[in-house]
Amino acid sequence: MKRTGIMMIVLIMMISTGAAFAANEKPASEPAVKKPSIKPMQEESSGNISGKVVETMNAGGYTYVCVEKNGKKTWVAVPEMKKVTVGSKMSFQPGSVMPNFTSKTLNRTFDSIVFSGGPVAAGGQAAPGMPGGDPTYAGSKASVAAPDKDIKVEKPAGDNAYTISEAYAKSTALNKKQVAVKGKVVKFSQGIMGKNWVHIQDGSGDQQKGTHDLVATTQDTAAVGDIVTVTGTFAKDKDFGAGYSYKAIIEDAKVQK
């Protein structure tokens, strides 16, 4: 009996000691979770893009050039050039970076491509005649189609209908409004930056000022020579970067023959 009592006392002391230890013990701190650093997507390339040309092709009014430097390959798209030689060394102006860009014309997706204003000549200046070295056209630095002197197209019917010269003249008032313009397709570029680009002329406007040619972006298709009515949202002073700046453009247009 005496022995049993001693065992009970020892058991009570052990329980009390364990409870006190549990009360005073601090939980182990959780290891700090290292959060990955997330950098924003680069929208503009910094500095000229140079290297040895390893691949090139023309499509949709653009020249696609892959240059390699120090083992790194970079794809660049510029307004169409007459000749680019594989193996030559070239340098291009910085421009807008487009990740996962798909060219429908080439049926090819680029992991990343830079839309540049054009090549850089010796001395670091934009090559003569390329967009980066010219002032902003009323249409676009990148490509304003030459005037077709034989074109004479009347504007479509409706309150929101304008000739091309009227659209330029009233660009401030028409900004972000629905417009309809009729003209002859003088240039069509497909699948650039996810859009088709239609140049139309109606015989109005001033070639010297660049107001003879109006561009529309669309998902529709057209052929050079078609007479079409373009209906969409008018935009004033639209800048897509990489030298593609428009004083006037019709966006998300419907193109009807």
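Residues Ile227 and Val153 have side chains in contact (heavy-atom distance under 4.5 Å, counting atoms from C-beta outward). Residues Asn196 and Asp220 have side chains not in contact (no heavy-atom distance under 4.5 Å, counting atoms from C-beta outward). Counting heavy atoms from C-beta outward, Phe115 and Val97 have side chains that stay 4.5 Å or more apart. For the pair Ser96/Val114, no side-chain contact is recorded, criterion being any heavy-atom separation below 4.5 Å from C-beta on. Taking 4.5 Å as the limit, every side-chain heavy atom of Val224 sits out of range of all side-chain heavy atoms of Val186. The side-chain heavy atoms of Phe92 and Val78, taken from C-beta on, include a pair separated by under 4.5 Å. The closest side-chain heavy-atom distance from Lys73 to Trp75 is not below 4.5 Å.
For the ring-ring contact (aromatic ring centres under 6.0 Å, His included) test, no residue two or more places apart in sequence or in another chain qualifies with Phe188. For Thr109, the side chain to side chain contact (heavy atoms under 4.5 Å, CB included) partners two or more places apart in sequence, or in a different chain, are Thr102.
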N/O donor-acceptor pairs under 3.5 Å from side chains in residues 154-163, not counting sequence neighbours:
from: Lys155; atom 1: NZ; to: Glu166; atom 2: OE1; distance (Å): 3.4
from: Thr163; atom 1: OG1; to: Ser165; atom 2: OG; distance (Å): 3.2
from: Thr163; atom 1: OG1; to: Glu166; atom 2: N; distance (Å): 3.1

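In this structure a side-chain-to-backbone donor-acceptor pair under 3.5 Å is missing from Asn70 to Lys72. No donor-acceptor pair under 3.5 Å is formed between the side chain of Thr56 and the backbone N or O of Val84.
A salt bridge between Asp237 and Lys247 is present, with a side-chain N of the basic residue lying under 4.0 Å from a carboxylate O of the acidic one. Salt bridge annotation for Glu251-Lys195: absent, with no cationic side-chain nitrogen under 4.0 angstrom from a carboxylate oxygen.
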Legend entry - Check against side chain to side chain contact (heavy atoms under 4.5 Å, CB included), Val179 and Thr231: CA-CA 6 Å; Val179 299; Thr231 305; over 6 Å; no

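When only modelled atom types and interatomic distance are considered, Ser50 and Asn48 share no side-chain donor-acceptor pair under 3.5 Å.
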